[in-house]
Trainee: 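Encoded as structure tokens, here's the structure I'll be asking about.
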4 protein chains.
Amino acid sequence: MKSVAVAGASGYAGGELLRLLLGHPELEVGAVCAASQAGALLGTVHPHLVPLADRRLEPTDPAVLARHDVVVLALPHGASAEVAAHLPDDVVVVDCGADFRLEDPTAWEAFYDTPHAGTWAYGLPELPLEAGSARGRDGLVGARRIAVPGCYPTATTLALAPGHAAGLLEPEDVVIVAASGTSGAGKGLKPHLLGAEVMGAMSPYGVGGVHRHTPEIEQNLSRVAGAAVTVSFTPTLAPMSRGILATCTARAVASATAEEVRDAWESCYAGEDFVHLLPPGQWPRTSDVVGSNQVHVQVALDERTRRVVAVAAIDNLTKGTAGAAVQSINLALGLPESTGLPTVGVAP
Amino acid sequence: MKSVAVAGASGYAGGELLRLLLGHPELEVGAVCAASQAGALLGTVHPHLVPLADRRLEPTDPAVLARHDVVVLALPHGASAEVAAHLPDDVVVVDCGADFRLEDPTAWEAFYDTPHAGTWAYGLPELPLEAGSARGRDGLVGARRIAVPGCYPTATTLALAPGHAAGLLEPEDVVIVAASGTSGAGKGLKPHLLGAEVMGAMSPYGVGGVHRHTPEIEQNLSRVAGAAVTVSFTPTLAPMSRGILATCTARAVASATAEEVRDAWESCYAGEDFVHLLPPGQWPRTSDVVGSNQVHVQVALDERTRRVVAVAAIDNLTKGTAGAAVQSINLALGLPESTGLPTVGVAP
Amino acid sequence: MKSVAVAGASGYAGGELLRLLLGHPELEVGAVCAASQAGALLGTVHPHLVPLADRRLEPTDPAVLARHDVVVLALPHGASAEVAAHLPDDVVVVDCGADFRLEDPTAWEAFYDTPHAGTWAYGLPELPLEAGSARGRDGLVGARRIAVPGCYPTATTLALAPGHAAGLLEPEDVVIVAASGTSGAGKGLKPHLLGAEVMGAMSPYGVGGVHRHTPEIEQNLSRVAGAAVTVSFTPTLAPMSRGILATCTARAVASATAEEVRDAWESCYAGEDFVHLLPPGQWPRTSDVVGSNQVHVQVALDERTRRVVAVAAIDNLTKGTAGAAVQSINLALGLPESTGLPTVGVAP
Amino acid sequence: MKSVAVAGASGYAGGELLRLLLGHPELEVGAVCAASQAGALLGTVHPHLVPLADRRLEPTDPAVLARHDVVVLALPHGASAEVAAHLPDDVVVVDCGADFRLEDPTAWEAFYDTPHAGTWAYGLPELPLEAGSARGRDGLVGARRIAVPGCYPTATTLALAPGHAAGLLEPEDVVIVAASGTSGAGKGLKPHLLGAEVMGAMSPYGVGGVHRHTPEIEQNLSRVAGAAVTVSFTPTLAPMSRGILATCTARAVASATAEEVRDAWESCYAGEDFVHLLPPGQWPRTSDVVGSNQVHVQVALDERTRRVVAVAAIDNLTKGTAGAAVQSINLALGLPESTGLPTVGVAP
């Protein structure tokens with residue numbers, strides 16, 4: 001058993017990570033650390049984690065974290081670099097924040113307005129890159145520093161990547177509208193996240209290309225396409241706790257046929273444990289992936305407009321965050337990639 | 001007081017129409033008719049309509065309907081034409097179905113697969129057409145046959161129309177993703193509409209340009225633009241009872257500036273009672289328009305991608321159906337357009 | 001037109017009051033005051049109140065409030081007395097808080113732990129007391145100081161009062177379990193009220209008789225019964241924005257029959273505009289009263305256990321707070337009691 | 001590996017059972033049978049069960065079922081007896097329906113109006129009966145015919161049983177109000193279960209002691225108490241997919257103290273894997289047990305009314321049905337009772 005410490009254990013990502021660790025046969029829960037909630041019982045903070053109910057959250061002390069085989073950082077953006085600097089090189093450090101996702105310092109600074117901390121191996125093994133690419137699955141095997149993708153980038157990248165990889169999509173003018181459950185906004189106390197505000201309400205935010213996940217989506221699709229992909233991305237808040245539904249459209253190249261489109265998606269994901277391309281005509285639904293590490297994907301070519309419409313559903317906390325972390329840890333430690341990860345959602 | 005008969009009074013659109021009629025100072029509820037529910041008490045079918053609790057639904061008899069000043073048809077697609085054929089010319093007939101919305105028989109037949117019934121005055125007075133246009137507000141004044149727009153076309157058309165009217169948007173390659181509450185799917189018993197299926201779930205349907213509202217959206221925007229507008233339209237089902245959030249994007253023409261965009265939307269809706277352009281930076285939320293005839297609109301220019309993103313929120317049953325019907329009836333009868341229509345939502 | 005000032009206009013009760021005032025033919029919105037939100041635009045705080053979007057919230061200044069015909073206080077518990085002390089005797093002052101609801105200082109101090117501020121006329125005109133009672137409708141006519149009932153006391157009192165008034169229920173051992181939408185907990189930022197916590201979740205709170213509405217429920221029922229009624233009251237939080245469903249049971253006296261029970265409820269509410277006793281067998285549903293001032297009530301006698309089960313549904317913000325305030329203002333000002341109040345819910 | 005056939009696999013209980021079997025190390029999915037849905041792909045009926053997506057539902061043929069080690073019947077009430085009659089004695093047959101739960105034919109006939117089929121071992125191992133009791137855990141070890149408890153009886157029995165077992169509660173006049181997610185009503189197409197009807201709505205049903213789970217609750221508590229317990233039971237429908245919150249009150253005997261109450265609950269559940277008595281002051285929440293086999297319980301003595309208030313939260317599909325089935329199968333087959341059962345909920 002390898003021991004995993006969690007910094008930021010009081011938040012939603014931290015709680016989901018603990019949930020997955022409790023079901024993992026090769027990983028065990030080590031130190032559980034928090035900031036303002038240090039001292040609180042996990043049974044109060046995460047009542048669903050019954051086996052950990054009597055554990056107390058500790059302050060986030062790098063010396064404590066450093067004693068573990070794996071450290072997962074589920075911290076606010078910008079906080080990971082300093083903690084990571086105190087951790088030994090041979091500890092597997094997995095950052096659920098954005099700090100080490102982007103390769104381009106200019107893009108980082110434009111969207112985050114702080115100095116770029118660096119770039120780590122990218123925890124999206126399904127990214128269809130050529131064998132040996134440091135940004136893909138091969139870059140995760142044995143890695144000791146891993147950046148977990150953002151939840152929107154995971155859903156949108158996996159929706160569209162097969163088409164970009166196969167040269168079936170124009171790189172310019174991708175349009176994405178995605179709906180997220182409110183756990184994606186975290187546990188911070190903001191008026192618009194109150195239950196009474198959220199229930200019965202759909203609303204967009206970060207409109208006009210300003211959402212910070214935009215450059216990460218473009219980075220992923222550009223890598224896959226081998227050309228600069230530009231994305232109009234509009235996230236929306238939906239009245240549900242978990243889940244992302246990403247509706248992604250891109251212009252098909254002139255020669256593309258519906259059969260080629262289907263084939264590209266099928267062949268791209270044929271060997272993947274966690275991407276489920278639905279049968280033709282059946283579209284993803286967020287509730288079907290709740291609690292699972294699955295991505296449900298469907299694609300169609302709209303012949304009238306010559307746009308390919310690709311839709312992906314994920315659980316933002318599982319495949320969108322904590323599941324991707326565990327999947328990456330599995331690869332880093334040489335375990336089978338799917339070890340301990342749920343492939344079945346809790347529905348209805 | 002003018003008397004209004006409702007055919008299809010047992011459904012959601014019919015119920016909403018009755019709700020609005022109960023608050024209207026110049027209209028009164030006449031015959032309330034249904035098909036399979038004929039004989040049932042309204043108190044059982046629509047328990048929220050307390051003042052009508054003891055009224056019984058009657059069978060749909062054109063001879064009964066014909067005795068009213070106004071007849072509203074809230075029937076399944078394809079059923080209106082036959083009923084309408086039995087109604088006198090001087091009765092105001094308002095169809096909440098799709099039968100008389102489209103002008104192009106070819107488009108009708110491609111999407112509905114039945115003969116085209118005809119084209120009536122179009123119940124979207126805010127459509128920015130030149131004065132005197134038969135398809136706009138002027139076509140409704142004194143009209144005796146009116147087609148109420150579809151709910152998605154109302155939201156999407158009003159989101160984008162100012163830009164197309166002002167020549168700020170390219171007509172090709174409009175991309176729309178809209179989320180609807182499940183009342184938009186009606187009261188028919190379908191497994192995917194069960195509460196347990198719907199709560200916690202976002203899912204698309206009618207993907208790939210096959211949704212029947214597509215030609216209506218294109219018809220509206222093309223009229224406004226004076227050129228053929230093509231639309232990639234993806235509707236999604238959201239876990240809420242009421243509301244549509246339409247996220248609409250179109251490529252800006254090369255010369256368009258953010259200021260011109262803002263100005264176009266402001267001037268287009270300056271005199272409208274039911275379109276509320278939010279202050280810059282505030283985005284629409286469906287819960288704010290529940291039960292009201294308002295459209296909340298916001299727009300931004302994404303400079304990176306040169307796409308205009310326009311978002312509209314409506315209540316699909318009010319402005320999306322029954323409110324538009326009453327607004328049209330007001331115009332048809334020579335009443336002030338906003339008579340009896342709520343402008344304030346029930347929130348939170 | 002009489003002018004109504006609102007203190008605490010930024011909260012849910014304040015917003016609902018403004019919504020009702022906008023639809024009232026004899027009352028107009030005066031000063032809108034807030035504490036920490038003073039200076040904010042109403043369009044930002046309550047986007048659904050379109051006609052007031054450009055109004056700014058003012059600081060809560062008694063001198064400003066005093067210039068109005070009516071002042072409604074929607075303040076945290078304990079804050080009303082001081083403001084009220086600065087208001088002229090001839091201004092109608094309506095307190096939506098708890099400060100002036102209880103008659104018994106001992107009960108007040110036991111549950112609120114502060115000195116008792118006093119007792120005002122009680123804004124529940126449907127309370128079945130003998131004619132002329134100062135605690136009932138007659139006490140509200142012409143009143144200048146009015147305490148609006150709590151939301152749970154309104155629902156539970158109206159569910160059970162006919163039985164206690166008719167002597168059909170034992171006073172001891174009433175058991176009430178009520179479910180409330182989360183707007184009932186107000187707009188304060190508390191972790192358990194976040195959308196992600198609330199959706200999909202039912203949970204009790206204030207269990208064991210400690211909820212502050214308990215003595216108010218007992219006060220009401222004891223008045224009606226003419227004997228000390230004791231209540232076990234358990235409130236629960238339900239995943240909806242608005243609504244209270246109160247399930248109330250009391251032991252039937254030995255002689256009581258099902259017919260007597262039905263008769264007692266029917267005769268008690270025969271003349272009430274805002275209490276709708278449903279036909280036998282049809283039970284209340286919170287969604288049917290959303291946005292309306294109605295109470296939907298049903299009752300049955302469980303012959304096996306000899307308990308009467310009475311259920312009431314209200315909208316906690318309308319009949320539960322702001323609607324009761326307007327209803328009381330109508331009586332205080334000599335207007336017809338139902339003036340400007342919605343009797344139809346917004347459903348589905 | 002033992003093979004488990006499921007009859008009624010297309011419903012919610014059947015789907016949940018398949019989900020649990022997919023995670024069970026000693027059980028494997030055998031025949032999956034349905035009635036009207038026979039022939040359909042599981043991927044269409046239960047899209048969340050990805051590993052079974054390509055399996056087709058078979059017709060319900062007793063000869064097929066009989067070839068398995070275990071047969072689970074998730075059929076409509078009244079259908080199990082006939083199927084069970086065709087199954088060999090040494091097959092473990094587990095009925096998720098009500099047919100074999102009640103011991104008293106008179107109670108059965110009063111509530112179900114059909115002949116009593118018989119009484120099987122009762123799948124609620126936590127029922128605090130004396131060692132060796134055929135109705136408790138010992139009756140399940142090695143059993144070949146097992147009746148899974150109803151979802152409400154599970155939650156309510158486990159909430160109150162420790163008090164009745166310890167003689168701290170009066171047997172008469174227990175009052176229970178419980179809220180259930182809509183999956184508890186099954187997948188049948190009924191108008192009041194449509195999403196648009198359910199969201200935002202709380203409503204009671206089966207009021208007045210007529211709900212069929214009433215005699216089962218009384219049977220359980222009477223066994224534990226050693227005296228006839230009478231229960232006023234009111235179920236309500238809540239706007240969530242899964243979960244039951246049972247708020248149960250009973251009069252404390254005169255001598256009972258708060259400490260004795262706490263002690264009774266603690267000692268009763270000290271050794272149970274699936275009952276989690278929360279720390280004093282923390283109350284159960286349905287969302288914390290979603291997808292898990294846990295029962296979260298809390299209890300308090302209301303000194304004013306001398307009522308004990310006990311609250312339990314379960315997932316109606318897991319501990320309330322399919323989890324109890326698997327727990328019982330484990331005991332029947334001699335496996336550790338908790339094998340393959342989740343103890344951690346999926347929250348938020």
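Proteins come first, then strands; the chains are lettered A, B, ... in the order of their sequence lines, and each starts at number 1.
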Trainee: Is chain D contacted by the side chain of A:Leu52, its backbone, both, or neither, given a heavy-atom distance below 4.5 Å?
Mentor: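 It is neither, since no heavy atom gets under 4.5 Å.
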Trainee: Can you say whether A:His296 sits under 4.5 Å from chain D via the side chain, the backbone, both, or neither, judging by heavy atoms?
Mentor: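 Only the side chain of A:His296 comes within 4.5 Å of chain D.
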Trainee: Any side-chain heavy atom of A:Val344 within less than 4.5 Å of one from D:Val50?
Mentor: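 A:Val344 vs D:Val50: side chains apart.
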Trainee: For residues D:Thr343 and A:Pro51, report the shortest heavy-atom separation together with the two atoms involved.
Mentor: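 Residues D:Thr343 and A:Pro51, closest heavy atoms: OG1-CG, 3.8 Å.
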Trainee: Please state whether the side chain, the backbone, both or neither of A:Ser292 comes within less than 4.5 Å of a heavy atom of chain D.
Mentor: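 Neither the backbone nor the side chain of A:Ser292 comes within 4.5 Å of chain D.
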Trainee: Between D:Glu16, D:Arg285, D:Lys187, D:Gln282, who has the most heavy-atom pairs with chain A when the cutoff is under 4.5 Å?
Mentor: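 So the answer, after comparing D:Glu16, D:Arg285, D:Lys187, D:Gln282, is D:Gln282.
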Trainee: Supply the atom-to-atom distance A:His276 NE2 to D:His48 NE2, rounded to the nearest 0.5 angstrom.
Mentor: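 Interatomic distance, A:His276 NE2 to D:His48 NE2, rounded to 0.5 Å: 12.0 Å.
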Trainee: Could you check if a side-chain atom of D:Leu317 sits within less than 4.5 angstrom of a side-chain atom of A:Pro348, using non-hydrogen atoms only?
Mentor: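 SC-SC contact between D:Leu317 and A:Pro348 confirmed.
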Trainee: Just so I understand: if I count every heavy-atom pair under 4.5 Å between each of D:Ser241, D:Ala347, D:Ser183, D:Gly345 and chain A, which residue has the most?
Mentor: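 Looking at each option in turn, the highest pair count goes to D:Ala347.
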Trainee: Are the side chains of A:His46 and D:Asp288 in touch, meaning some heavy atoms are under 4.5 Å apart?
Mentor: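 Result no, sub-4.5 Å side-chain heavy-atom pair not found.
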